[in-house]
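Have a look at the structure below before the remarks.
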Amino acid sequence: MSCPPISFYRRPTEVVARDLVGKKLVRTIRENGRIFRLAGTIVETEAYGYSDDPASHACMGPTARNRVMFGDVGRAYVYFTYGNHFCVNVSARSSTIEAGAVLIRGLEPVEGIEIMKKLRPVDDAFSLTSGPGKLTQALNISSALNGVDMTNPESELHIEFGISKSIRIMATPRIGITRAVDRKWRFVDPASPYVSRRIQIKAI
DNA sequence: CGCTCGATATTCT
DNA sequence: GAATATCGAGCGA
């Protein structure tokens, strides 16, 4: 399976966020000469912009943490938050904007599910990858992967075209933020149970 | 089920 | 020093 090319990510961030729903996030782990594939279909994303978006890490300009949002598109922006969790984004923006990224908030597990369960032992199957901090744990994603090329199938973390099926995609306000809360830059597959905080969908 | 609250480290003021 | 693109335990209904 091939990867969406760089040009896919060189479009308005919210358009990329919408189109990433249904694609596949793939984590390959090389260990003792063997290769494990952990993968899931993306079911929930959020777009984060530049200076016009007060909720974005990039709104005050480049810093050591957010520099990937200002660099080449199609790269992994991984950051640590709340003292406990990693979150993974893909840098994406049109050529007229200086920064932007898409947060991946939910996955439907497809490959390597038994390994995911070892990396993240939970009783409830839906709690495996239904949240930005959960899926990074299940796929063993940390800041070591910050900046990797997500358009390269050789990368330890990349994005592939998903199964070609038409799915309904719904736009809602972003969650877990305190600023620009009215902007509908969260995109979900409402049919998937692997969406974080499902109650937020019904409220729209 | 749904809500409140505390943990915990990095980042920025 | 304050805030944070979160999670899970604990509680009440």
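Residue numbering restarts at 1 for every chain, and letters A, B, ... go by the order of the sequence lines.
For A:Tyr82 and C:dA3, the OH to P distance is 12 Å, given to the nearest whole Å. Between A:Phe126 atom CZ and B:dC1 atom C1' the separation is 15 Å, expressed in whole Å. At whole-Å resolution of the value, CG in A:Asn84 and P in C:dA9 are 13 Å apart. Rounding to whole angstrom units, CG of residue A:Asp124 and P of B:dC1 are separated by 8 Å. Atom-to-atom, CG of A:Leu20 to P of C:dA5 comes out at 20 Å; the value is rounded to the nearest Å. Here C:dA5 presents its C1' atom at 14 Å from CZ of A:Phe80, a figure rounded to the nearest Å. Atom pair A:Arg183:CZ and C:dA5:P shows a separation of 15 Å (rounding to whole Å applied). The distance between atom CD1 of A:Ile175 and atom P of C:dA5, rounded to the nearest whole Å, is 13 Å.
Taking the nucleotide of DNA chain C with the nearest heavy atom to each of A:Ala55 and A:Arg120, the more 5' of the two is matched to A:Ala55. Comparing A:Arg179 and A:Pro132 against DNA chain C, the residue whose closest nucleotide sits nearer the 5' end is A:Arg179.
An OP1 or OP2 oxygen of C:dC7 is reached within less than 4.0 angstrom by no side-chain nitrogen or oxygen of A:His85. Side-chain nitrogen and oxygen atoms of A:Arg65 include none within less than 4.0 Å of the OP1 or OP2 phosphate oxygen of C:dT4. Here A:Ser127 does not reach the OP1 or OP2 of C:dC7: none of its side-chain N or O atoms lies under 4.0 Å away. A:Thr178 has a side-chain polar atom (N or O) that falls below the 4.0 Å cut-off from OP1 or OP2 of C:dT4.
Residue A:Tyr79 and nucleotide C:dA5 are not classified as a stacked aromatic pair, given the requirement of ring centres less than 5.5 Å apart at an interplanar angle below 30°.
If you check C:dA3 for Watson-Crick or wobble pairing at under 3.5 angstrom, you find it paired to B:dT10.
When heavy atoms are screened at a 4.0 angstrom cut-off, A:Tyr48 is found touching base atoms of the nucleic acid. Residue A:Leu103 is in base contact, counting any heavy-atom pair closer than 4.0 Å across all strands shown. Using a 4.0 Å heavy-atom criterion, one finds that A:Gly133 contacts the sugar-phosphate atoms exclusively. Within the 4.0 angstrom heavy-atom criterion, only backbone atoms of the sugar-phosphate kind lie near A:Arg105; the bases stay farther away.
Judged by the 6.0 Å and 45° rule, A:Arg174 forms a cation-pi pair with A:Tyr48. Judged by the 6.0 Å distance and 45° axis criteria, A:Arg11 is positioned over the aromatic ring of A:Phe8.
With hydrogens and angles left out, the side-chain atoms of A:Glu156 and A:Thr28 include no donor and acceptor closer than 3.5 Å.
When distances run from any side-chain atom of A:Ile177 to the nucleotides B:dT13, C:dA5, C:dG8, the shortest one goes to C:dA5.
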Next item on the list: Could you walk me through whether A:Ser2 and A:Glu160 pass side-chain hydrogen bond (donor to acceptor under 3.5 Å, both in side chains), step by step?
Entry: CA-CA 6 Å; A:Ser2 61; A:Glu160 300 180 356; over 6 Å; no
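With respect to the salt-bridge test (charged N to carboxylate O, under 4.0 angstrom), the residues A:Glu46 and A:Arg105 qualify.
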